[in-house]
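Labels below follow one simple rule: chain letters A, B, ... track the order of the sequence lines, proteins then strands, and each chain is numbered from 1.
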Protein chains: 2
Amino acid sequence: MHKRFVAHIVSRICLVVCFIMVAPLGWAIYDNFRSRETRAFLISIAVGIICAAAVLFIFRLKKEDHQKINAKDGLAIVGLSWLSLSFLGALPLFLSGVVPTFTDGFFEITSGFTTTGATIFTNVEILPRGILFWRSLTHWLGGMGIIVLYIALLPALGTNAFQLFKAESPGITAERIEPQIKETAKNLWGVYFIFTFLEILLLMAGNMPLFDAMCHTFGTMATGGFSTKNASIGVYSPYIQWVVIVFMVLAGMNFALHYRWIKGRPRALFFNEEFRYYALLICVLVSVFAFVLMQTGLSSQPLRDAAFQVVSIMTTTGYTTADFDMWPHALRFALVLLMFIGGCGGSTGGGMKVVRIILSVKVAFYSIVQTVLPNAVLPVRFNGKSLSDKLVLAVVAYFIVFILLFFSGSVLFLIVESCDLVTALTACIAALSNIGPGLAKVGATQNYAWVSPPGKWLLTFLMLSGRLELYSILIFLVPATWKK
Amino acid sequence: MHKRFVAHIVSRICLVVCFIMVAPLGWAIYDNFRSRETRAFLISIAVGIICAAAVLFIFRLKKEDHQKINAKDGLAIVGLSWLSLSFLGALPLFLSGVVPTFTDGFFEITSGFTTTGATIFTNVEILPRGILFWRSLTHWLGGMGIIVLYIALLPALGTNAFQLFKAESPGITAERIEPQIKETAKNLWGVYFIFTFLEILLLMAGNMPLFDAMCHTFGTMATGGFSTKNASIGVYSPYIQWVVIVFMVLAGMNFALHYRWIKGRPRALFFNEEFRYYALLICVLVSVFAFVLMQTGLSSQPLRDAAFQVVSIMTTTGYTTADFDMWPHALRFALVLLMFIGGCGGSTGGGMKVVRIILSVKVAFYSIVQTVLPNAVLPVRFNGKSLSDKLVLAVVAYFIVFILLFFSGSVLFLIVESCDLVTALTACIAALSNIGPGLAKVGATQNYAWVSPPGKWLLTFLMLSGRLELYSILIFLVPATWKK
């Protein structure tokens, strides 16, 4: 591993985040200059700068470091950056005293950066605005990716940028191989910024104050889920709920696709197989859910409630306007299955991603056809192109790693918590797919305050594994990583 | 499809089973000549012979039929045979009036043939012995496979035998490709027969009556689970429980491996990677379970209870001596995970099979190593040999098909039953992996009497899919099967 180079980039990314932390500091100062959270932010920024500077000084770059880094370095930079940011980000929460332990702060902020939105606060409405803003801002940074932002804004990393970009961005990267990775990063963040701006305006048009509009927009566009209200989006008007639904759908789509239709190629949408399935799945499920809710009389606004909850879970946002834990068991389980699917590749959503599910289902279907026609050659196709066996195997391997990680996480969670099976399993998938709420004791109206410290660290590990698409975190468990 | 040939073989297999049905008829006559069950068996045998004869007459073989059948025909023969046998086998239960509807009889007998052991009877001790014997005998026939028996005993099918053998026998078939498939079938049934004989003797040595010894041996060797007692093996002495444990372990092993060590090659056991993992997993889990049960004081004989339940679930037998639904949640969930794993390939056990789990875990592990070393060539090895990409992809495709079938089965079950999630999910995996008991409302001390007819048909479908390793049943859902 190119240790010096890795340390260098990680510290520079921490410096960027220290700079960004000035924004919540601003809200803290605006509300009360002498408050405890103002001091907390100032100390955190100072600690971040000092630590980063120390690392930069110790691991000074030498001439031979300006060579090409390898895949391992890329994964390590991403994994270590995210860990460092979660530590740095947890400092203000801990120092301002809003969380009782550092574990809680780390859980909350990792939940923020990974766009999970699982909270340990039982009452968020009493929190200072600086803290609330920071919590939501971590969503926004983590959604499109802090390293992608770094690539977009700061001096070129040359060919190394691609390794980092690949390691942080969700989904299958085949279509993102462009010569100008810096341009790609800029375009993606550009689209993200435009949507964010638009949603804030539309929410304010519905009489939401600027502060709440910003926080909820960050939570929506990043498919995060932190709210400034205890009852989440449920307290707002139907207009605001529909705005959030529309932007959740947008956030769950591939941002490269957004860039294309914004640039005047709207047909790109309909030629994209993943988008077609994504749209179809949402339409079908919303109709079914609305129909069942109407028939059972469990909701006074079945279509809106169905649309909000289905889209929120499918895109892995985790905002709620209804307690879906009270719905029929078949609907609850359908929501759990949606948690595994998640958003599209290249979106800010979590989960396995629609594209991987499509390919896995195709592999399964072709394996049945293959038994009927043993000599047929059946290449897996996507967007009309045949995929190589190697890529297909990588996709199904991801499917298996995901399922195995989910099962082993659930066993460990049950060992440390001894809660019921539904709570344990949905807490683990809600963490791994970066959703937030699960069922039962971690349901729509519950929170994670009751989870013990070991349980919180376990869920934090699952959140990071899920957001960074498993490998950036899991490589640290593999001996090959530690060999020269 | 070679329709005439398929119809011909299916009818001949039905005739074989009509002949075997004379055994339970014998018990019925022995107990009471004029009883309703005697008449039921006589009518069933007559119906079976008439239907088979009619089909044989209508689909007379022509000269061109004596050619090689293809994979599709093999799968179709196996799928149709098993469906026909379940219908035929359900007749005595329905005609004797022990079940209220034909659905119940079909469920019970499919549960028998597929070695699931899920029962709809709330009190089996009042059932006539002829019926009890038939129930258990279907286990024994289904365990090693009725078609494998047909291949072993009846006139050679030539090269066609291999297609049928492959379609009915569980596990990955690479090592079973021998020139003399008839010999292989004979050897496997020979080993099966010896073990069956031995267990009956050992159970009778523990003062179990011949009838119960036979029924429980059929249930053990086939990893079935039907008992003649309401409290399953729990009512018997520790000696009998240990005998059953040992034979469950044997039944969960590859019978080709048994054949080798019986033939004087005991070292074959230790060179077999699948057996090593199987033995290791059982030892580790029994120790952990025994330790937890001892610490929590939930059992007065922790080692025996741990060994019995772990082995029974892992081998997919489903006998019980303790209500594991009262155990800590982590142990309950560990048992659920064991349900997915199942026995070894080539055993009479169900589930995904140990070999497929090993290979899937290897694929997952190598995919992580591959991200660290993108240019490394990492072939998946088993028993020291590299496997082809095609075989590996087939194994992981099976993993995916299994998981998808489990999830879709659970959704459908929840739609037709609206029971809690734990019941629905464990009922589906208990059916798909051919175990029998699950958790909650289908737990160790419960039964399937409460399930509605649609739910029963769904579980029946899952049992057949699981026993025939998915494809023999699933091909009927694929359009390619119906094309010329």
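With contacts defined as side-chain heavy-atom distances shorter than 4.5 Å, the pair B/Val401/A/Phe365 does not qualify.
Looking at B/Ile403, only its side chain comes within 4.5 Å of chain A, counting heavy atoms on both sides. When heavy atoms are compared at a cutoff of 4.5 Å, B/Phe340 approaches chain A solely by way of its side chain, counted from C-beta outward. Contacts between B/Val361 and chain A at a heavy-atom distance below 4.5 Å involve backbone atoms as well as side-chain atoms. Contact annotation for B/Ser418: only backbone heavy atoms (N, CA, C, O) come within less than 4.5 Å of a heavy atom of chain A. With a threshold of 4.5 angstrom between heavy atoms, B/Leu439 approaches chain A through side-chain atoms but not through N, CA, C or O.
When the candidates A/Leu421, A/Val396, A/Val363, A/Ile415 are compared by the number of heavy-atom contacts under 4.5 Å with chain B, A/Leu421 comes out ahead. For the set A/Ala394, A/Cys419, A/Pro328, A/Ala334, the count of heavy-atom pairs under 4.5 angstrom toward chain B peaks at A/Cys419. Note on A/Leu404, A/Val292, A/Leu337: by heavy-atom pairs under 4.5 Å with chain B, the leading option is A/Leu337. Looking only at heavy-atom pairs under 4.5 Å with chain B, the residue among A/Val336, A/Leu331, A/Asp420 that has the most is A/Asp420.
The local environment of CZ in B/Phe382 is crowded, with over 12 non-hydrogen atoms from other residues, nucleotides or ligands closer than 6.0 Å.
Pairs passing the side chain to side chain donor-acceptor pair (under 3.5 Å) check and including a residue from residues 399-412 of chain A, sequence neighbours excluded, do not occur.
Between atom NE2 of residue B/His329 and atom CG of residue A/Leu425 there is a gap of 12.0 Å, rounded to the nearest 0.5 Å. Rounded to the nearest 0.5 Å, atoms OG (A/Ser367) and CD1 (B/Ile400) are 8.5 Å apart. The structure places CG of B/Asp389 at 10.0 Å from OG of A/Ser388, a figure rounded to the nearest 0.5 Å.
Relative ring orientation between A/Phe333 and B/Phe407 is described as tilted, the plane-to-plane angle lying within the 30° to 60° band.
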